[in-house]
Student: 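Mind looking over this structure? Questions follow.
In the text below, chain A, chain B and the rest are named by the order of the sequence lines, each starting its count at 1.
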There are 2 protein chains.
Amino acid sequence: MEVETVPAVKGRPREFCVDQALAQALHVFWAKGYDGASMTDLTEAMGITKPSLYAAFGNKEALFHKALDLYEAEKLEYTRAALQQPTARKVAEYYLRSGVDVHAAEGDPHGCMGLMSSLACSPEAESIKADVIRRRASSQRALVERFEQAKREGDLPAHIDAEGLMSFLYAILQGITVQAGAGATRAELEKLVDTSLALWPSA
Amino acid sequence: MEVETVPAVKGRPREFCVDQALAQALHVFWAKGYDGASMTDLTEAMGITKPSLYAAFGNKEALFHKALDLYEAEKLEYTRAALQQPTARKVAEYYLRSGVDVHAAEGDPHGCMGLMSSLACSPEAESIKADVIRRRASSQRALVERFEQAKREGDLPAHIDAEGLMSFLYAILQGITVQAGAGATRAELEKLVDTSLALWPSA
DNA sequence: CGACTTCCATAACGAGCGGTATATAATAGG
DNA sequence: CCTATTATATACCGCTCGTTATGGAAGTCG
């Protein structure tokens with residue numbers, strides 16, 4: 001999978017890097033939300049003009065979906081890595097501590113891009129909401145299965161409801177992202193995580 | 001404090017009820033968020049024209065703040081009632097069960113108006129965010145004090161961090177409102193509450 | 001009955017939105 | 001060199017936004 005140094009396409013070559021421009025667009029969407037990010041915001045941050053944007057990405061909605069793909073691949077990778085942890089408790093701890101790392105990071109916007117786009121987006125953005133909710137449901141399903149495996153392996157009490165526990169863990173994570181977006185300090189978020197883990201059921 | 005049946009004002013009397021119109025506006029803001037609710041949405045739901053709205057409420061932002069006042073007074077009253085419960089556990093249970101009742105009610109929009117307005121609002125609505133966050137902070141302070149009282153009264157273990165527990169309870173509530181807004185069923189939300197309460201620290 | 005005051009209805013304002021038509025510049029193949 | 005193809009740059013489109021000016025309708029006061 002070598003990058004072709006010679007473009008082998010006919011016309012004038014584009015003068016910007018698509019991946020880099022997409023990363024800038026992600027940053028804008030993350031900071032301002034789908035509706036709040038105007039095409040002017042986006043093109044200025046991406047360093048390209050509107051026709052270039054439309055030629056390369058389609059339209060605003062398509063750009064957002066591609067940005068969301070990048071966001072999940074880069075920033076939400078921890079939701080997959082967490083499942084590999086040996087015990088349910090460690091899964092939860094990995095989930096929450098990584099959640100704090102990602103959603104209260106120094107150089108990135110605070111809060112969760114998916115959450116802020118699943119709420120509050122208003123007019124035509126129903127497809128955005130649906131996309132985010134669909135992705136979230138997939139992640140939640142994996143978490144339920146992981147907890148049922150943990151029950152079988154004995155590191156979760158048998159009386160625990162896996163779906164309830166997943167919903168619980170997800171709620172904590174959502175609370176983390178909400179509070180991070182509202183300006184909570186990292187110390188406050190870590191205290192929240194510590195408190196949550198102190199209450200986590202032990203086998 | 002009698003209602004004056006004779007207006008005693010000079011000009012033409014207004015033809016709509018301000019309180020009722022505000023209630024309609026609240027419903028629209030709750031369902032669509034600050035940015036998502038257009039003046040046309042609002043005036044249509046309120047049954048009045050734009051000049052009437054501006055004369056009675058000032059502008060969109062002032063209308064929102066008044067709607068938020070009404071929302072807190074009517075729908076978030078439970079956050080104050082919860083503090084009166086005799087034990088910290090009952091405070092938490094009252095908080096969470098009322099949260100489900102309010103944010104997944106039949107006739108009202110699902111999710112929390114304050115939360116959806118504190119996230120994602122975009123351009124000029126910074127003052128909205130600040131207002132919501134300020135109100136939230138006041139509620140959170142009361143909860144911390146209630147938990148410290150509970151520690152003194154012995155119905156919370158002494159090693160518990162009151163701020164951490166408040167942040168935890170708030171995160172669950174925020175998770176409830178997020179999941180309610182995303183279409184979670186009432187049964188799912190109640191399962192989340194049951195799981196959370198099962199993990200609540202006992203004295 | 002005016003005079004005055006307040007409210008309602010229509011229509012319009014400027015600004016910003018997402019999206020695009022047009023013209024020009026840069027590369028490839030013939 | 002010429003044509004075809006693609007990217008860029010400028011300017012603009014129609015639309016909706018929040019907000020307001022204007023004219024008339026509906027009241028109280030003298």
Side-chain angles (χ1 to χ4, degrees), chain A residues 4-22 24-25 28-29 31-67 117 120-128, chain B residues 4-22 24-25 28-29 31-67 117 120-128:
Chain A
E4 307 202 20
T5 53
V6 176
V9 291
K10 298 222 238 172
R12 172 176 176 177
R14 67 160 48 97
E15 298 176 351
F16 65 95
C17 169
V18 174
D19 292 344
Q20 188 174 328
L22 183 59
Q24 299 301 321
V28 174
F29 278 132
K32 302 194 162 196
Y34 179 76
D35 294 309
S38 73
M39 296 303 290
T40 304
D41 292 333
L42 291 164
T43 51
E44 282 181 357
M46 299 163 84
I48 62 178
T49 60
K50 288 201 250 182
S52 299
L53 191 154
Y54 277 83
F57 299 101
N59 60 7
K60 186 182 181 183
E61 185 175 340
L63 176 62
F64 181 86
H65 283 105
K66 283 169 184 159
S117 297
C121 53
S122 42
E124 70 289 356
E126 285 301 317
S127 96
I128 303 285
Chain B
E4 310 201 19
T5 53
V6 175
V9 290
K10 300 221 238 174
R12 173 178 175 175
R14 67 161 50 96
E15 298 176 351
F16 64 95
C17 168
V18 174
D19 292 344
Q20 189 174 330
L22 183 59
Q24 299 300 320
V28 174
F29 278 131
K32 302 194 161 191
Y34 179 75
D35 294 309
S38 72
M39 296 303 290
T40 304
D41 292 333
L42 291 163
T43 51
E44 283 181 358
M46 299 164 84
I48 63 178
T49 61
K50 291 198 232 179
S52 299
L53 190 155
Y54 277 82
F57 299 102
N59 61 6
K60 185 182 181 184
E61 185 176 340
L63 175 62
F64 181 86
H65 283 104
K66 284 169 186 162
S117 297
C121 53
S122 42
E124 71 289 357
E126 286 299 317
S127 93
I128 302 287

Student: How many angstroms lie between atom CZ of A:Phe57 and atom CG of A:Leu42, to the nearest 0.5 angstrom?
Tutor: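 Answer for the CZ-CG pair, A:Phe57 versus A:Leu42, is 10.0 Å.
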Student: C:dG18 C1' sits how many Å from A:Phe64 CZ, rounded?
Tutor: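 These atoms are roughly 16 Å apart.
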Student: By nearest nucleotide on DNA chain C, pick out whichever of A:Asp41 and A:Gly58 is the more 5' one.
Tutor: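 Here A:Asp41 is the residue nearer the 5' end.
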Student: Do B:Lys10 and D:dG27 have a side chain to base donor-acceptor pair shorter than 3.5 Å?
Tutor: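 Check fails, no donor-acceptor contact within cut-off.
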Student: Let's see if you can work this out: which of C:dT20, C:dC8, C:dT27 has an atom nearest to the side-chain heavy atoms of A:Pro13?
Tutor: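 Between C:dT20, C:dC8, C:dT27, the one nearest the side chain of A:Pro13 would be C:dT27.
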Student: Return the 5'-most residue of the pair B:Gly11, B:Asn59 with respect to DNA chain D, ranking by each residue's nearest nucleotide.
Tutor: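 Upstream on the strand: B:Asn59.
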Student: According to a strict under-4.0 Å criterion, is B:Ser52 in side-chain N/O contact with OP1 or OP2 of C:dC7?
Tutor: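 For B:Ser52, the contact criterion (side-chain N or O under 4.0 Å from OP1 or OP2 of C:dC7) is not met.
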Student: To the nearest 0.5 Å, how far apart are OG in B:Ser127 and NE2 in B:His65?
Tutor: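 Going from the OG atom of B:Ser127 to the NE2 atom of B:His65 covers 4.5 Å.
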Student: What is the distance, to the nearest angstrom, from the NZ atom on B:Lys32 to the C1' atom on D:dT16?
Tutor: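 Rounded to whole Å, this separation is 13 Å.
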Student: Taking NZ from A:Lys50 and P from D:dA11, how many angstroms apart are they, rounded to a whole number?
Tutor: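 These atoms are roughly 13 Å apart.
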Student: Restricting to non-hydrogen atoms, name the atom on B:Ile128 and the atom on B:Glu61 that form the minimum distance, rounded to 0.1 Å.
Tutor: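 In terms of heavy atoms, the two residues are closest at CD1-CG, 4.1 Å.
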Student: Could you tell me how far apart B:Arg14 (CZ) and D:dA26 (C1') are, to the nearest whole angstrom?
Tutor: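 Rounded to whole Å, this separation is 14 Å.
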Student: Nearest to the side chain of A:Lys60 - C:dA26, C:dG19, C:dC17?
Tutor: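 Per side-chain heavy atoms of A:Lys60, the pick is C:dG19.
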Student: In whole angstrom, what separates B:Met39's CE from C:dC17's C1'?
Tutor: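 Result: 18 Å.
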Student: Take the protein atom CG of A:Leu42 and the nucleotide atom C1' of C:dC17, then report the distance between them rounded to whole Å.
Tutor: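 Rounded to the whole Å, the gap is 12 Å.
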Student: Nearest whole Å is fine: how far is C:dG18 P from A:Glu44 CD?
Tutor: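 Atom-to-atom, A:Glu44 to C:dG18, this comes out as 12 Å.
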Student: Of the non-hydrogen atoms in A:Ala45 and A:Val28, which two are nearest, and what is the gap between them?
Tutor: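 Closest heavy-atom pair between A:Ala45 and A:Val28: CB-CG2, 3.4 Å.
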Student: Within this structure, what is the CZ-to-C1' distance between B:Arg12 and D:dA25, rounded to whole angstrom?
Tutor: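 The distance from CZ of B:Arg12 to C1' of D:dA25 comes to 5 Å, rounded to the nearest Å.
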Student: How are the rings of A:Phe29 and A:Tyr34 set to each other: parallel, tilted or perpendicular (split at 30° and 60°)?
Tutor: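 Parallel: the ring planes of A:Phe29 and A:Tyr34 meet at under 30°.
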Student: Would you say C:dC8 has OP1 or OP2 under 4.0 Å from some side-chain N or O of B:Thr49?
Tutor: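 Answer is no, no contact under 4.0 Å.
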